[in-house]
Amino acid sequence: MTTMSTLFGGLIAVLALYAIGGLFHRLPVVLRAVLAAVIPLMGYFILIVGRWPGLDVVAMHISVFSAAALVMFAMTQFRRRGGARMHWVPKLLVAFFIGLVFLNAALLQIATKGLPEPLARWWLGSDGGAVYSGFSGVVPHGENAAKAVSSELSEAHRESQLGWQVEISGLDSVGPSGPIQVRIKDRTGLPVERVDAEVRLLRPGVTEPSLSLPLAATEAGVYTGVLTLPAKGRWLLEMRLMQDGKLYYHTIQELAAS
């Protein structure tokens, strides 16, 4: 389930429910529009139980579904008035909400995949290297952001004292699915065993991971697994290495899947 599919699938559901409501001639037009917007919203809320996509994505669905129902209500009211030409005010209202839908879709596309490469190079400039049109950050947005910054600094200090040498391979060319290998050595170059290695996938700005992948030990100090990306777009890959229940290594890397 992707945001694009729920957004446009719900929009189709709003239009279909409004058309079905027209078969009931005694149903008031206002109630018809309200039901057409509320029923898909209720279905969307049920789908996101346990996998919160973020308040911005939820607000986008609410605005698009409500705007579609309002536009259909305005068009119905105009048709009931007869054959007179539509006033410029309802025309402007319809154009505004149609534009709002396409604007939300464009912003959603940019948020998940970034700007198209030619446009990003023209708008942001380039010295010949790759252009990244989005910054994902490393600290989740929330009320504990300040504590998270302090925790990041503490982890960095603990890692430097520990002296682990961590080599991660398989992330340079991640497709829909690919193997990941983590090789861990201590300060003297010996392999580190009995490590609980885990990979987490998060969307930028979302605190809860979309996927957690434990890595299995295949030989001394080597931990592997197969990472399958749930969807296209930008992801944050969080690597966590624990031993005896304590977190000893933690890093975050950004991935872009097309």
Side-chain angles (χ1 to χ4, degrees), residues 1-21 31-73 97-115 133-145 147-148 174 176-177 198-214 226-240 252-258:
M1 182 186 66
T2 64
T3 303
M4 293 292 286
S5 62
T6 56
L7 188 65
F8 286 98
L11 182 59
I12 294 174
V14 170
L15 301 179
L17 287 171
Y18 190 85
I20 294 173
L31 181 58
R32 178 179 162 192
V34 170
L35 291 176
V38 169
I39 293 176
L41 277 176
M42 292 298 102
Y44 174 69
F45 292 152
I46 293 174
L47 284 176
I48 63 175
V49 171
R51 41 185 174 181
W52 179 251
L55 185 59
D56 53 344
V57 176
V58 174
M60 186 181 301
H61 282 77
I62 294 175
S63 63
V64 168
F65 294 175
S66 302
L70 181 59
V71 168
M72 297 303 296
F73 170 75
F97 284 114
I98 292 177
L100 180 64
V101 171
F102 284 98
L103 178 62
N104 283 335
L107 292 177
L108 180 61
Q109 182 75 8
I110 294 173
T112 54
K113 296 185 178 181
L115 290 169
S133 56
F135 175 70
S136 57
V138 294
V139 179
H141 295 287
E143 59 182 8
N144 295 323
K147 295 181 181 179
V174 175
S177 180
E198 181 186 35
V199 171
R200 294 182 178 182
L201 273 179
L202 305 93
R203 282 295 193 187
V206 179
T207 58
E208 294 297 326
S210 301
L211 173 68
S212 295
L213 173 67
V226 178
L227 175 64
T228 301
L229 298 179
K232 298 179 180 179
R234 297 190 178 275
W235 292 94
L236 295 181
L237 185 143
E238 180 182 12
M239 178 69 67
R240 297 168 59 89
I252 295 179
Q253 179 177 339
E254 182 175 333
L255 299 178
S258 58

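Across all their heavy atoms, Phe65 and Thr6 have their closest contact at CZ-O, 3.7 Å. Of all heavy-atom pairs spanning Ala37 and Val14, the tightest one is CA-CG2, 4.4 Å. Met239 and Val199 make their closest contact through CE-CG2, 3.5 Å (heavy atoms, listed as atom of the first residue, atom of the second, distance).
How far CD of Glu254 is from CG of Leu202: 12.0 Å, rounded to the nearest 0.5 Å. Of the inter-residue distances, the one linking Leu211 atom CG with Leu237 atom CG reads 9.5 Å to the nearest 0.5 angstrom. With rounding to the nearest 0.5 Å, the separation of CZ in Arg200 from CZ in Arg240 is 4.0 Å. Rounded to the nearest 0.5 Å, atoms OG (Ser63) and CG (Leu70) are 12.0 Å apart. Note that CG of Leu41 is 9.0 Å distant from NE2 of His61, once rounded to the nearest 0.5 Å.
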When you look at Val58 and Tyr44, which way does the side-chain contact (heavy atoms from CB on, under 4.5 Å) test go after all the steps?
CA-CA 9 Å; Val58 174; Tyr44 174 69; 4.2 Å; yes
Please determine whether side-chain contact (heavy atoms from CB on, under 4.5 Å) holds for the pair Leu213 and Leu201, giving the CA-CA distance in whole Å, both sets of side-chain angles, and the decisive distance to 0.1 Å.
CA-CA 8 Å; Leu213 173 67; Leu201 273 179; over 6 Å; no
Worked verdict on Leu11 versus Val64 for side-chain contact (heavy atoms from CB on, under 4.5 Å)
CA-CA 7 Å; Leu11 182 59; Val64 168; 4.1 Å; yes
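Tyr18 meets the ring-ring contact (aromatic ring centres under 6.0 Å, His included) test with no other residue; sequence neighbours excluded.
When atom types are taken as modelled, the side chain of Arg203 and the backbone of Arg234 share a donor-acceptor pair closer than 3.5 angstrom.
Among residue pairs with one or both ends in residues 33-42, none qualify as side chain to side chain donor-acceptor pair (under 3.5 Å); sequence neighbours excluded.
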